[in-house]
Amino acid sequence: MNCYKCGCLLTENDFCTNCGAEVDRFKRIVRLSNQFYNFGLEKAQVRDLSGAIVCLKQSLKMNKNNIEARNLLGLVYLEIGEAVSALNEWVISKNIQPKKNIADDYLDMMQANPTRLDALNQAIKKYNQALTYCRQDSLDLAMIQLKKVLSINPKYVQAHQLLALLYMNVEEWERARQELHKALRVDTNNTITLRYLRIVDSVTNVDSELTGSAGKRKKKHTEEQYGDEIAATNRKNREAVLNNVNVKEPNGLSVLLNVVIGCVIGVAISWFLILPARINQVKSDHQKIEDGYIATLSEKNDTIKQLTEEKEELVGKIGELEYSLNGYSGTDEMVNAYERLTYAEYLYLDPDHTELEVAEALNQIQDSDYLNGTENYKAAYDHLLTAIGPAASRAYYNQGMVRFDAGDYEGAIPDLQMAVKYDAANVDALYDLGNAYRLNENREEAIAAYEKLIELFPNSSRVSRAKRYLKNYED
């Protein structure tokens with residue numbers, strides 16, 4: 001453990017032997033942070049991921065430089081489908097400890113698989129779209145989007161929970177239970193999942209008990225009401241059969257006559273009844289066979305049509321994937337752009353860093369990064385630029401004027417340009433930028449700066465001098 005003030009290795013004493021700083025409380029905080037990290041690690045090992053997130057966040061709250069806790073938090077986020085949060089944690093970890101940090105391996109792993117990175121990004125977008133559909137009361141569309149999300153990222157716990165909630169809304173309890181069990185296989189002790197599952201189990205148990213008791217009461221009532229009638233009917237049928245039995249002793253002539261008559265009647269029945277029926281049966285069998293062939297042929301035609309459509313759809317998807325792959329040829333640049341923006345946000349949130357340091361970090365972001373970035377990326381960049389703009393502009397202006405006063409007009413120009421960039425309303429920076437161009441003999445740039453000053457700030461006291469300088473150029 002190193003001293004927070006001088007970085008020297010601490011001993012068992014309650015003070016730093018190098019600088020004399022009191023480190024007793026600091027040691028307790030670091031030990032407490034490590035203890036929460038151990039709790040989070042134990043929970044992650046038994047797949048209690050939501051509990052692990054709580055412990056790891058508490059560990060980082062105690063000690064934001066706990067690299068092991070931050071890297072593990074990124075892994076847990078990735079496991080539950082929160083890829084963006086995972087990348088944020090690893091980028092911050094890498095900037096805190098640039099060397100010998102396993103976060104480099106995690107970021108390289110993400111960069112090495114751009115298709116997977118794009119899939120995770122698409123899953124997040126579709127999940128947000130599903131939330132929008134829910135707010136618009138388009139629940140069927142929300143279900144479709146969530147199924148697409150889970151086909152891309154089956155471990156997205158929040159998507160499982162939202163889909164289960166939608167199933168519960170339409171009383172499809174078994175499907176809801178299946179989604180909740182899938183969520184539990186990822187995060188075994190998630191409070192929201194367990195609460196939903198308890199509701200599903202409670203509702204289904206109440207329904208089954210009511211149905212079972214109602215069926216038993218109905219069966220018992222039926223037996224009591226109709227049991228005697230059924231028994232009486234069975235007795236009457238048996239008596240009728242016994243009473244209708246009448247045995248006679250036949251003689252020889254009657255037997256022969258009966259045989260002849262029976263043969264004639266049999267032939268007649270065969271000719272008039274059995275043969276036509278047989279013919280009809282054969283025709284019916286042939287018709288069924290023919291219908292079967294027609295149905296099979298129709299089914300095959302439908303199958304061919306469906307396969308043709310699927311082929312066309314797959315060809316289209318292949319084209320889209322090829323386009324996506326071509327678009328992701330710069331995946332490394334995209335990840336680096338997010339890394340630069342995240343580092344600038346980290347410097348902005350850390351009170352130990354100045355606005356000028358944040359501005360220097362923002363200066364590392366290329367124009368192409370901003371143009372190719374997502375809407376969220378552009379919004380985050382614009383927010384950060386607005387937040388530090390005035391203070392960064394003043395810092396660049398003061399820094400540029402030091403060089404200007406020393407006669408280094410060429411060196412002052414970049415600082416004054418940055419002052420104008422971070423605060424377009426800084427009239428002093430724009431005026432002195434024109435003066436620096438003029439004194440450095442940059443005629444066209446000086447004219448442009450003075451004309452811009454006159455256009456944007458017509459009521460400024462600087463306007464008269466700017467017009468005088470412009471007149472000198474005309475003469």
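Since the structure is predicted, the reported quantities are computational estimates derived from the model, not experimental observations.
No side-chain donor-acceptor contact under 3.5 Å links N63 and N66. Looking only at atom types and distance, the side chain of S59 has no donor-acceptor partner in the side chain of R70 under 3.5 Å away. A donor and an acceptor atom, one from each side chain of S93 and N101, are located under 3.5 Å apart. With hydrogens and angles left out, the side-chain atoms of Y37 and Q58 include no donor and acceptor closer than 3.5 Å. Side chains of T188 and D48: a donor-acceptor N/O pair is absent below 3.5 angstrom, by distance only. In this model, a donor atom of one side chain and an acceptor atom of the other lie less than 3.5 Å apart for Y450 and N435. The closest side-chain donor-acceptor pair between Q161 and E179, if any, does not fall under 3.5 angstrom. N190 and Y196 form no side-chain donor-acceptor contact under 3.5 Å, judged by distance and modelled atom types alone.
Counting heavy atoms from C-beta outward, I53 and I80 have side chains that approach closer than 4.5 Å. Counting only heavy atoms from C-beta outward, the side chains of Q158 and E82 approach each other to under 4.5 Å. When side chains are defined from C-beta on, F36 does not count as touching R31, because their heavy atoms never get closer than 4.5 Å. In this structure, the side chains of Y156 and Y127 come closer than 4.5 Å at one or more pairs of heavy atoms. Side-chain contact between Q122 and D118 is present, with at least one heavy-atom pair separated by less than 4.5 Å. Taking 4.5 Å as the limit, every side-chain heavy atom of Y397 sits out of range of all side-chain heavy atoms of V420. No side-chain heavy atom of D187 sits less than 4.5 Å from a side-chain heavy atom of R47.
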Practice task
With side-chain contact (heavy atoms from CB on, under 4.5 Å) as the test, would you mind laying out the steps for N128 and T132 before giving the verdict?
Solution key: CA-CA 6 Å; N128 292 333; T132 302; 5.6 Å; no
Handout entry: CA sep, side-chain torsions, deciding dist, call: Q417, Y396, side-chain contact (heavy atoms from CB on, under 4.5 Å)
Key = CA-CA 8 Å; Q417 287 175 336; Y396 276 116; over 6 Å; no
Exercise for the section: Please assess K94 against D104 for the test salt bridge (charged side-chain N to carboxylate O under 4.0 Å, His left out), listing each intermediate value before the final yes or no. Expected result: CA-CA 7 Å; K94 182 180 177 181; D104 286 329; 3.8 Å; yes
Exercise for the section: Evaluate the side-chain contact (heavy atoms from CB on, under 4.5 Å) criterion for residues I92 and Y343: first the C-alpha distance (whole Å), next the side-chain angles of each, then the deciding distance (0.1 Å), finally the verdict. Expected result: CA-CA 7 Å; I92 295 174; Y343 181 57; over 6 Å; no
Exercise for the section: Any chance you could lay out the side-chain contact (heavy atoms from CB on, under 4.5 Å) test for E89 and L56, step after step, and finish with the verdict? Expected result: CA-CA 11 Å; E89 295 299 332; L56 293 172; over 6 Å; no
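Within a 6.0 Å sphere centred on NZ of K452, heavy atoms belonging to other residues, nucleotides or ligands number 12 at most. Within a 6.0 Å sphere centred on CZ of R195, heavy atoms belonging to other residues, nucleotides or ligands number more than 12.
Put simply, the side chain of Q97 gets close to the backbone of K100: a donor and an acceptor are under 3.5 Å apart. With hydrogens and angles ignored, the 3.5 Å screen pairs a side-chain donor or acceptor of T386 with a backbone N or O of D382. A donor-acceptor pair under 3.5 Å is formed between the side chain of W90 and the backbone N or O of N71. No donor-acceptor pair closer than 3.5 Å links the side chain of R438 to the backbone N or O of A446. Distance alone, capped at 3.5 Å, is enough to place a donor-acceptor pair between the Y422 side chain and the A359 backbone. The backbone N or O of N442 lies less than 3.5 Å from no partner atom in the side chain of N440, so there is not a single donor-acceptor pair.
Remark: Q178 pairs with no residue by the side-chain contact (heavy atoms from CB on, under 4.5 Å) rule, at least two apart or across chains. Remark: Q364 pairs with no residue by the side chain to side chain donor-acceptor pair (under 3.5 Å) rule, at least two apart or across chains. Here S393 pairs with N426 under the side chain to side chain donor-acceptor pair (under 3.5 Å) rule; sequence neighbours left out.
For the atom pair OG of S33 and NZ of K64, the computed distance is 12.5 Å after rounding to the nearest 0.5 Å. Put simply, CD1 on I199 and CE on M168 are 4.5 Å apart, with the number rounded to the nearest 0.5 Å. Atom CD of E172 sits about 10.5 Å away from atom CD of E174, to the nearest 0.5 Å. In this structure, CG on L72 lies 10.5 Å from CD1 on I102, to the nearest 0.5 angstrom. Atom CD of E357 sits about 11.0 Å away from atom CD1 of I388, to the nearest 0.5 Å. We find the NZ-CG distance between K43 and L41 to be 12.0 Å, quoted to the nearest 0.5 Å.
Between Y409 and F404, the angle of the ring planes goes over 60°, which puts this pair in the perpendicular group of the 30/60° scheme.
In terms of heavy-atom proximity, M62 sits nearest to L32 at CE-CD2, 3.4 Å. Considering every non-hydrogen atom in both L60 and A69, the closest pair reads CD2-CB, 4.0 Å. The nearest pair of heavy atoms linking G74 to A86 is O-CB, 3.1 Å.
Electrostatic pairing of D201 and R177 counts as a salt bridge here, judged by a charged N lying under 4.0 Å from a carboxylate O.
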Please output the side-chain donor-acceptor pairs of residues 133-155 that fall under 3.5 Å, not counting sequence neighbours, one pair per line with the distance.
from, atom 1, to, atom 2, distance (Å)
S151, OG, K148, O, 2.6
N153, OD1, K155, N, 3.4
K155, NZ, E79, OE2, 2.9

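Applying the salt bridge (Lys or Arg N to Asp or Glu O under 4.0 Å) test to pairs two or more places apart or on separate chains, those with a residue in residues 417-431 are D428-R462. The stretch residues 398-418 participates, sequence neighbours left out, in these salt bridge (Lys or Arg N to Asp or Glu O under 4.0 Å) pairs: R403-D415.
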